[in-house]
Amino acid sequence: MVNSIGINYGQIADNLPSPENVVPLVKSIGVTKVKLYDADPRVLGAFANSGVEFMIGLGNGDLEKMRDPNNAQDWVKQNVQAHLPDTKITCIFVGNEVLTFNDTNLSDNLVPAMQSVHTALVNLGLDKQVTVTTAHSLGILQTSFPPSAGAFREDLVDILSQTLSFHQKTGSPFLINAYPFFAYKGNPKQVPLDFVLFQPNQGVIDPTTNLHYDNMLYAQIDAVYSALASLGYKKLPVHISETGWPSKGDEDEAGATPDNAKKYNGNLIKLMSQNAGTPLRPDSDLNIYVFALFNENMKPGPTSERNYGLFKPDGTPAYALGVTNNNTASGSIGNGVTMPFSPTSSSTGYLSISSATVRAFSRFYC
């Protein structure tokens, strides 16, 4: 198995370096996979012949338009076909956390838009090299702890079943945005910090499977695997399209410090380099995209939203990552591990799931 870490390249800022200057920065940390929240031609052009793989996005506001197969075909021609093969676009995610907005118009358009984009790829002979998916918040889970009890929200089972059928038929992965930070922020007195930061701790035992968990992210991933299995999709691959830790936050954002961000991302990268899966799926590849490449000064919301970056806009590290391996210099990822970045994540779903996770976790752990 080969684990893979990528990075989310968000651009909600007015002070970021040009895409041409981002290319060497991405390469300097050994990243081989990048996730964009759009299909910015400047970025895709700058990374031509770089060997970096791209996951590009279609925004929530585009879903209704993409239901029309003609619109989808035009979009794929302009934003995918035009850049291949020089830029390695391998995946399109259609919509971000659509199902946790509780907007029926958005959710009704999701699967038809995904189908239209996939059909366009088939028509253009690109479906074998480019997959189609969508990214979900952990807020789609009704139960997330213990991991063996993972279950989707009952009101979302119908629409999720449609998306899961699509994934199975087309061979695309199931994407989840997972942030242990929100669970800790929601109740720092109940959730042990070491458990969410991949630091040494006594961990927890899932009473049903008797599996031991020493970090929250892997528990969250296995809860998703359990939820998928409960609907008959045991073999569907799960990729973590966003995870990260802010280096700065408001007074009420417990844990948002440079030291904790360094521990979370640094320990995650070290863990990924071991090429081991989760307790429930020890032989499954882990594909995780770190959020994010840069601090983004124009993101709305609490201070933390503007401080998830590994780098400041001037290209200097937001904090010392402290990762060393045989292939690359200190601070890089390397070892086939790609760091993902997630710029336009919404907080709504995270907060709802974090409170549920905290309640369940405190009962189980304490």
Side-chain angles (χ1 to χ4, degrees), residues 1 3-5 138-139 141-151 176-230 234 238-240 242-246 254-257 259-291 321-323 335 337 339 350-351 353-366:
M1 61 178 294
N3 287 343
S4 169
I5 287 194
L138 271 179
L141 293 181
Q142 181 72 43
T143 310
S144 57
F145 214 91
S148 60
I176 279 284
N177 300 335
Y179 287 86
F181 167 70
F182 287 106
Y184 180 76
K185 170 185 167 180
N187 196 340
K189 293 181 179 179
Q190 295 292 337
V191 178
L193 185 60
D194 286 343
F195 186 72
V196 294
L197 292 181
F198 309 98
Q199 293 286 96
N201 67 94
Q202 68 184 44
V204 294
I205 301 291
D206 186 315
T208 302
T209 61
N210 209 35
L211 293 173
H212 178 261
Y213 289 87
D214 59 10
N215 72 79
M216 182 176 283
L217 181 65
Y218 280 17
Q220 291 175 331
I221 295 172
D222 279 355
V224 174
Y225 277 126
S226 295
L228 290 171
S230 72
K234 190 174 182 179
V238 173
H239 294 182
I240 305 304
E242 295 182 16
T243 192
W245 196 281
T257 68
D259 187 56
N260 287 341
K262 172 184 175 179
K263 287 176 180 175
Y264 185 85
N265 287 321
N267 287 338
L268 172 61
I269 292 163
K270 291 174 186 174
L271 197 59
M272 291 284 289
S273 69
Q274 297 171 10
N275 281 337
T278 64
L280 186 62
R281 298 291 176 84
D283 298 322
S284 293
D285 293 348
L286 282 172
N287 290 272
I288 296 179
Y289 287 80
V290 172
F291 186 89
L321 202 52
V323 177
N335 282 345
V337 179
M339 291 189 58
Y350 307 144
L351 297 177
I353 191 62
S354 68
S355 59
T357 304
V358 167
R359 287 196 299 273
F361 177 80
S362 60
R363 288 197 301 270
F364 183 52
Y365 186 92
C366 302

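No hydrogens, no waters, no symmetry mates; every other heavy atom, side chains included, goes into these values. Keep in mind the model is a prediction, meaning the values are calculated, not measured. We count residues from 1, following the sequence as given.
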Engineer: If you compare all heavy atoms of N201 against all heavy atoms of G203, which two are closest, and at what distance to 0.1 Å?
Structural biologist: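 In this case the closest contact between N201 and G203 is OD1-N, 2.8 Å.
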Engineer: Apply the test side-chain contact (heavy atoms from CB on, under 4.5 Å) to residues M272 and I288: give CA-CA distance (whole Å), side-chain angles for both, the deciding distance (0.1 Å), then the verdict.
Structural biologist: CA-CA 9 Å; M272 291 284 289; I288 296 179; 3.5 Å; yes
Engineer: Less than 4.5 Å apart, any side-chain heavy atom of T143 and any of F145?
Structural biologist: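 With C-beta onward as the side chain, the pair stays apart.
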Engineer: When you compare the side chain of Q220 with that of P180, does any pair of heavy atoms fall below 4.5 Å?
Structural biologist: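 Yes, their side chains come closer than 4.5 Å.
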Engineer: Could you tell me which non-hydrogen atom of A276 sits nearest to which non-hydrogen atom of L286, and how far apart they are?
Structural biologist: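 Heavy atoms of A276 and L286 come nearest at O-CD1, 3.5 Å.
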Engineer: Under the side chain to side chain contact (heavy atoms under 4.5 Å, CB included) test, which residues partner S230, sequence neighbours left out?
Structural biologist: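 Expected list: none.
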Engineer: Verify side-chain contact (heavy atoms from CB on, under 4.5 Å) between T243 and N177, making sure each step is shown before the conclusion.
Structural biologist: CA-CA 6 Å; T243 192; N177 300 335; over 6 Å; no
Engineer: Can you give me the closest heavy-atom contact between S226 and S148, atom names plus distance?
Structural biologist: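 The pair with the smallest heavy-atom distance is OG-CA, 3.5 Å.
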Engineer: Could you list the residues that satisfy side chain to side chain donor-acceptor pair (under 3.5 Å) with D214, not counting sequence neighbours?
Structural biologist: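 Residues passing side chain to side chain donor-acceptor pair (under 3.5 Å) with D214: none at all.
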Engineer: Quick one, T278 and Y213 - any side-chain contact, counting heavy atoms below 4.5 Å?
Structural biologist: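 When only atoms from C-beta onward are counted, Y213 and T278 do not touch, as no gap falls below 4.5 Å.
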Engineer: Suppose we screen for side chain to side chain contact (heavy atoms under 4.5 Å, CB included). Which residues come up paired with Q199, at least two apart in sequence or across chains?
Structural biologist: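 D194, L197, K263, N267.
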Engineer: Not counting sequence neighbours, which residues clear side chain to side chain donor-acceptor pair (under 3.5 Å) with T257? List them please.
Structural biologist: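 Expected list: N260.
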Engineer: Is there a side-chain contact between L268 and W245 (heavy atoms, below 4.5 Å)?
Structural biologist: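 No - every pair of side-chain heavy atoms lies 4.5 Å or more apart.
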Engineer: Could you check if a side-chain atom of L217 sits within less than 4.5 angstrom of a side-chain atom of Y179, using non-hydrogen atoms only?
Structural biologist: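 Heavy-atom side-chain distance check fails, nothing below 4.5 Å.
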Engineer: Report the C-alpha distance between N215 and V196 in whole Å, list the side-chain angles of each, state the deciding distance to 0.1 Å, and finish with yes or no for side-chain contact (heavy atoms from CB on, under 4.5 Å).
Structural biologist: CA-CA 6 Å; N215 72 79; V196 294; over 6 Å; no
Engineer: Can you check whether F181 and Y184 have ring centres sitting under 6.0 Å from each other?
Structural biologist: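 Ring-ring flag for F181/Y184: false, centres at least 6.0 Å apart.
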Engineer: Please report the shortest heavy-atom distance between P279 and H212, naming the atom on each side.
Structural biologist: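 So the minimum-distance heavy-atom pair works out to CG-O, 3.5 Å.
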Engineer: Is the shortest side-chain heavy-atom distance between N265 and K262 below 4.5 Å?
Structural biologist: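 No, side chains not in contact.
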Engineer: With a 4.5 Å cut-off on side-chain heavy atoms, are Y225 and S284 touching?
Structural biologist: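 The answer is yes, as the side chains (C-beta and beyond) meet within the 4.5 Å cut-off.
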Engineer: Would I176 and I221 count as a side-chain contact (heavy atoms from CB on, under 4.5 Å) here? Give the steps.
Structural biologist: CA-CA 8 Å; I176 279 284; I221 295 172; over 6 Å; no
Engineer: Which residues satisfy the ring pair (Phe, Tyr, Trp, His ring centres under 6.0 Å) test with F198, sequence neighbours excluded?
Structural biologist: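 Partners of F198 under the ring pair (Phe, Tyr, Trp, His ring centres under 6.0 Å) test: Y264.
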